[in-house]
Structures are given as C-alpha cells and as structure tokens.
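Please read the structure below before turning to the comments.
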Amino acid sequence: MAVKKAVQCGNVEDAIEKVNDLNPEILDTNPQLFFHLQQQRLIELIRNGKVEEALEFAQEELAPRGEENQSFLEELERTVALLAFEDVSNCPVGDLLDISQRLKTASEVNAAILTSQSHEKDPKLPSLLKMLLWAQNQLDEKAAYPRINDLATATLEDPAI
C-alpha cells in the first residue's frame with residue numbers, strides 16, 4: 001500500500017526504493033514496469049517545471065532503454081513531447097499529466113508486487129462471493145440448510161421446513 005500511495009502522490013523515487021526493499025527482483029525481472037516507473041518520474045519532473053533535470057534524466061535513464069525497445073522509445077517520445085508545449089491543457093499528450101496516469105502506474109506496480117508474492121492480481125473476495133452464491137443455488141435443489149441471503153451482513157437464515 002505504501003508503494004502504491006507513493007506513486008499516486010508522485011513520489012516515484014520513494015516508490016522504487018520501497019519496491020526494491022520489498023523484493024529487488026520485481027524491477028529486475030520486469031523491464032516494462034521499471035520503464036513505466038522511470039517514465040512516471042520524468043512526468044513528475046515535467047509537472048514540477050524542472051525542464052533541465054527532466055531532459056538530463058530522459059537522456060541518461062530512459063533513452064538507453066528506448067534504444068533497446070521500440071515501444072519504450074515511442075512512449076519516451078510521447079512523454080518528452082510535453083516539454084514542447086507551454087500550455088499543456090492544449091497538448092495532444094497532456095493526458096500523461098492527469099492523475100489517471102499515476103493511478104495506471106500505481107496499479108501496474110501493485111499487480112507486480114502481488115504477483116511476486118504469489119497472490120492474485122485481483123482481490124479474491126468477489127470470486128469467493130460468486131462461488132458462495134453458486135454453491136447455495138446448487139444446494140437449494142437438494143437440501144434444506146442455513147442460507148445467507150444478505151451478503152452484506154452474512155446473517156444465516158434458518159431453512160423453512
């Protein structure tokens with residue numbers, strides 16, 4: 001949760017540090033995730049008006065990765081295009097500065113952490129509730145049993161005999 005919160009707040013360096021503290025292999029084995037975190041870091045530099053630092057960071061950290069992977073290069077070009085516009089509200093790539101971009105990156109990091117810990121990417125509760133409803137429907141045809149009709153309260157109702 002701390003990693004996800006750090007990304008959502010725009011503190012990408014802290015998020016990377018926390019991920020590495022948790023499990024350094026996550027970023028080592030997932031170059032796309034590491035690139036997206038670095039891309040988010042570049043976006044935060046641009047958002048904060050640190051143009052010189054953003055250009056230097058893009059050249060040193062992201063450009064070498066773009067040479068290795070065409071899709072990374074396209075994403076990098078799209079991100080650096082933010083620097084060409086004084087008014088980002090009229091920028092065709094201005095969506096990169098939206099909070100939704102942070103949320104997208106945070107979700108990607110969260111999924112990678114959960115996967116590394118052998119957890120599902122999605123929460124288990126919804127599928128467990130569906131399974132409960134299915135099992136109750138199967139039992140309805142065969143037996144009388146204490147049924148849960150209200151999943152919110154999980155109150156058992158005695159069977160009508």
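Computed over heavy atoms, backbone and side chain alike; hydrogens, waters and symmetry mates excluded.
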With F34, which residues qualify under ring-ring contact (aromatic ring centres under 6.0 Å, His included), at least two apart?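 With sequence neighbours excluded, F34 shows a ring-ring contact (aromatic ring centres under 6.0 Å, His included) to no residue whatsoever.
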With sequence neighbours excluded, what pairs up with F35 under the ring-ring contact (aromatic ring centres under 6.0 Å, His included) test?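 Once residues adjacent in sequence are excluded, the partners of F35 under the ring-ring contact (aromatic ring centres under 6.0 Å, His included) criterion are F72.
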Minimal non-hydrogen separation, [X] against [Y], with atom names:
{"X": "P64", "Y": "Q59", "answer": "CD-O, 3.4 Å"}
{"X": "G10", "Y": "E44", "answer": "O-CG, 3.5 Å"}
{"X": "I46", "Y": "T79", "answer": "CD1-O, 3.7 Å"}
{"X": "N30", "Y": "A112", "answer": "ND2-CB, 4.3 Å"}
{"X": "Q40", "Y": "V12", "answer": "CG-CG2, 3.7 Å"}

I need the [X] [atom1] to [Y] [atom2] distance, nearest 0.5 Å.
{"X": "L45", "Y": "L55", "atom1": "CG", "atom2": "CG", "value": "10.0 Å"}
{"X": "T105", "Y": "H36", "atom1": "OG1", "atom2": "NE2", "value": "7.0 Å"}
{"X": "L132", "Y": "L151", "atom1": "CG", "atom2": "CG", "value": "6.0 Å"}
{"X": "I43", "Y": "N48", "atom1": "CD1", "atom2": "CG", "value": "12.0 Å"}

Does D98 use its side chain to pair, donor to acceptor, with the backbone of Q101 at less than 3.5 Å?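 No, because the side chain of D98 does not come within donor-acceptor range (under 3.5 Å) of the backbone of Q101.
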Applying salt bridge (charged side-chain N to carboxylate O under 4.0 Å, His left out) as the test, list every pair that has at least one member in residues 58-73; sequence neighbours left out.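 Every pair satisfying salt bridge (charged side-chain N to carboxylate O under 4.0 Å, His left out) with a residue in residues 58-73: there are none.
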Can you list the residues that meet the side-chain contact (heavy atoms from CB on, under 4.5 Å) rule with [X], with sequence neighbours excluded?
{"X": "F85", "result": "C91, P92"}
{"X": "R78", "result": "V93, D95, L96"}
{"X": "T153", "result": "D150, T155"}

Apart from [X] itself, what residues make up its hydrophobic cluster when side-chain heavy atoms of I, L, V, M, F, W and Y under 4.5 Å apart count as a link, directly or indirectly?
{"X": "M1", "answer": "none"}
{"X": "L103", "answer": "I99"}
{"X": "L73", "answer": "none"}
{"X": "M131", "answer": "L128"}

What pairs meet the side chain to side chain donor-acceptor pair (under 3.5 Å) rule with one or both residues in residues 131-148, with sequence neighbours excluded?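 Listed by first then second residue: D140-Y145, D140-R147, Y145-R147, R147-N149.
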Under the side-chain hydrogen bond (donor to acceptor under 3.5 Å, both in side chains) test, residues paired with Q38 that sit two or more places apart: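 If we apply the side-chain hydrogen bond (donor to acceptor under 3.5 Å, both in side chains) test to Q38, skipping adjacent residues, there are no hits.
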